[in-house]
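Beneath this line is the structure, given in structure tokens, with notes to follow.
In what follows, chains carry the letters A, B, and so on, assigned in the order in which the sequence lines appear, proteins first and then strands, with residues in each chain numbered from 1.
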Amino acid sequence: MAAGALPGFRDFYPDEFALRAHIFRAWRNVARRYAFVEYDGPPLEPLDLYTKKSGDEIVGQLYNFVDKGGREVTLRPEMTPTFARMVAARANAIRKPVRWFSVPQLFRYERAQRGRLREHFQLNVDIVGEPSELADAELLSVAIDIMRELGLGPDDVRARVSDRRLLNALLVEIGVTEEQLPTVYAVLDKFARQPHQISIDKMAAAGLEPKTIDAVMAFGEAGTLADLRERFKHSEALAPHFERFGRYLDHLHAQGNGAWIDLDLTIVRGLAYYTGTVFELFDAKGELRAICGGGRYDNLLQALGGVDLPALGFGMGDVVLGELLKERGLVPAATGNAADLYIVGGDGVLAHGVANALILARHLRRTGFSVDYALSADKYVSQASRNQLDSARKSGARAAIAFDSEDQVVVQGLFGKVSEAPKHHFDAAPLLDGDTMAYAALKDWIDRNIPSRQTD
RNA sequence: GUGGCUGUAGCUCAACUGGUUAGAGCACCGGUCUGUGGCACCGGGGGUUGCGGGUUCAAGUCCCGUCAGUCACCCCA
């Protein structure tokens, strides 16, 4: 086997590129529908943009090197630091709330696995400057609408939501101390992936009381907000958190997203910078990695950019999403980019040499059609028309156009039985003269009689 | 970074306990068919069996290494 792409990197053949373009289209369509505007930054960044906040151990995960000017640089592993820098630099000039999105290619030097490569494209959607939970609902609604745009429903994808502030208050309420919080977060994060006894042992080792451990384990079993509220209705400390989270869920319901949402206190999100709502999108079967994750990170812009603005956002990668779409048969037809018209020789080919085919193609393309033909003048003249038609059919073209005789061209559909396919003759002379009306008539006939390619 | 599994044509797979020149379907290329053709039929190109060593009279098959893929850890975008 010939040397392929680097490990964890992808070659995008046309079929694969079609899927990628399909995903990008959905991302951009929905983001724009929510009035977000697109930005981008450099794919190569100074190394310390990431080491400053995360420490040197993160370097092991980066695609970093020294450039010819002696600078420590790295391919960007995430978009948030770049985003924070850009917003911070113009914090006073940008109208708030900021609604920005980006589709960067991100890089990470890690051993590749299914759904996890060394490179991926990730939609980043962020809102800056708005502390209200309505912004949180708006953000998640974007993510859910993208699922809809791609043909996925609440039976395919679940949105698991939580809130760090609520969780924190709950943990304090049941007696978890400040020092024990990281352990408990780690346990919750791995709740579904790790045997319960190990979780219990870890918490016991961290000094949690058996009663507190039981309470934490109970948080792992998803319930509704109402259940949780009922259990802790006596707590005054928790009341405001329940109210705020309740408003968040109310907004999501009003946005039509209620059927997608599950409360799940085990959604912690690895990095510690989340300060409020957090959410992840998963395939409903739970076979794949998370499709999307995000939440509120009110302190991050201060830490990274030096401006104190509340912010929230999510990232959604193309890899897991693509796997899910493939699994559900929601990938676009491979022939989606095939030509509208394929020029074949026909019986009039000797009177109309290849030059006339080129003239015809020129005017058809000017009219807006995509036009294909065999790039061999010999073949155009000498290969049997039916073989040329076979080639046209295989190319995925919707219709063929041929010089049927000395003074006529014929357009015929390339679907269904040949004998039943729509067919129409046009005078060749005005078409070769580039007569606009003749092409308008031809286009009109095609629009009426040649359906768009089905996914058959 | 650690460990398990896998690696034959572009794809899906064959090749009995090691034994002739590694096969088939699909795909691709050319042709035949005056025609129910979204066929059919004929022909063609394409493999150092991932790569490198070793054992053997003989290796796609057994052993070691390596690379790649995959799964579980680690980590999380």
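- Taking the centre of each ring, H424(A) and F426(A) come in below the 6.0 Å mark.
- On the P atoms, C16(B) is 23 Å away from C11(B), given to the nearest whole Å.
- Between U8(B) and G25(B), the two C1' atoms lie 15 Å apart (nearest whole Å).
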Under 3.5 Å, which N/O atoms of the protein pair with N/O atoms of nucleotides 28-31 of chain B?
residue, atom, partner, partner atom, Å
G30(B), OP1, K379(A), NZ, 2.4
G31(B), OP2, Q383(A), NE2, 2.5

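- If you take atom P in G31(B) and the same atom in G19(B), they sit 42 Å apart, rounded to whole Å.
- Nucleotides G4(B) and A9(B) are separated by 29 Å at their C1' atoms, to the nearest Å.
- Between the CG atom of D189(A) and the P atom of C74(B) there is a distance of 11 Å, given to the nearest Å.
- The existence of a salt bridge linking D318(A) and R10(A) is confirmed by a sub-4.0 Å separation between a basic side-chain nitrogen and an acidic carboxylate oxygen.
- U6(B) and G10(B) are spaced 23 Å apart, taking the P atom of each and rounding to whole Å.
- Taking the six-membered ring for Trp and thresholds of 30 and 60 degrees, F245(A) and Y248(A) have ring planes inclined between 30 and 60 degrees apart.
- Using a 4.0 Å cut-off between charged side-chain N and carboxylate O, D390(A) and R386(A) make no salt bridge.
- Consecutive Watson-Crick or G-U pairing (both distances under 3.5 Å) extending over three or more pairs maps onto RNA chain B as B:1-7 with B:67-73, B:10-13 with B:23-26, B:28-32 with B:40-44, B:50-54 with B:62-66.
- Looking at E149(A) and R25(A), no side-chain N of the basic residue comes within less than 4.0 Å of a carboxylate O on the acidic one, giving no salt bridge.
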Close N or O pairs between protein and nucleotides 34-36 of chain B (under 3.5 Å):
residue, atom, partner, partner atom, Å
U36(B), O2, K417(A), NZ, 3.1

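- Residues forming a side chain to side chain donor-acceptor pair (under 3.5 Å) with D136(A) (at least two apart in sequence, or on another chain): T277(A), R296(A).
- Ion pairing between R160(A) and D262(A) fails under the 4.0 Å rule for side-chain N and carboxylate O.
- As rounded to the nearest Å, G38(B) and A22(B) have C1' atoms that lie 35 Å from one another.
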B/S/- contact track for nucleotides 65-70 of chain B, protein heavy atom under 4.0 Å: ---SSB
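- Between the CG atom of L389(A) and the C1' atom of A40(B) there is a distance of 17 Å, rounded to whole Å.
- Comment: K96(A) does not engage E130(A) in a salt bridge, judged by the lack of any side-chain N to carboxylate O separation of less than 4.0 angstrom.
- Residues of residues 319-327 of chain A that place a heavy atom closer than 4.0 Å to RNA chain B do not occur.
- On the C1' atoms, U2(B) is 13 Å away from C75(B), given to the nearest whole Å.
- Separating the CD atom of E45(A) from the P atom of A77(B) is a distance of 17 Å, rounded to the nearest angstrom.
- To the nearest angstrom, C1' of C76(B) lies 12 Å from CG of L62(A).
- Counting only heavy atoms from C-beta outward, the side chains of D340(A) and D372(A) never approach each other to under 4.5 Å.
- With rounding to the nearest 0.5 angstrom, the OH atom of Y297(A) is 5.5 Å from the OG1 atom of T80(A).
- We find that E45(A) and R85(A) are joined by a salt bridge, their nearest charged nitrogen and carboxylate oxygen being less than 4.0 Å apart.
- In this structure, Y109(A) and S385(A) both approach RNA chain B, and ranking their closest nucleotides by distance from the 5' end singles out Y109(A).
- Between K443(A) and D447(A) there is a salt bridge, since at least one side-chain N of the basic residue sits less than 4.0 Å from a carboxylate O of the acidic one.
- Where R118(A) and K190(A) meet RNA chain B, the nucleotide closest to each residue was compared, and K190(A) sits on the side nearer the 5' end.
- Between the CD atom of Q122(A) and the P atom of C76(B) there is a distance of 15 Å, rounded to whole Å.
- Between R32(A) and D145(A) there is no salt bridge, since no side-chain nitrogen of the basic residue lies less than 4.0 Å from a carboxylate oxygen of the acidic one.
- Counting heavy atoms of neighbouring residues, nucleotides and ligands inside a 6.0 Å radius, atom OH of Y109(A) does not exceed 12 of them.
- Following rounding to the nearest Å, R108(A) (CZ) and G1(B) (C1') show an atom-to-atom distance of 14 Å.
- The CZ atom of R108(A) sits 7.0 Å away from the CG atom of L62(A) when rounded to the nearest 0.5 Å.
- A gap of 15 Å separates the C1' atoms of U21(B) and U49(B), to the nearest Å.
- Partner of V142(A) under the side chain to side chain contact (heavy atoms under 4.5 Å, CB included) criterion, out of I146(A), L139(A), L140(A): I146(A) alone.
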Side chain to side chain donor-acceptor pair (under 3.5 Å) between S376(A) and D378(A), intermediate numbers included: CA-CA 5 Å; S376(A) 157; D378(A) 287 345; 5.2 Å; no
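- Between the C1' atom of C75(B) and the CD atom of E110(A) lies a distance of 6 Å, rounded to the nearest Å.
- Taking atom CG of D390(A) as the reference point, atom P of U32(B) lies 12 Å away to the nearest angstrom.
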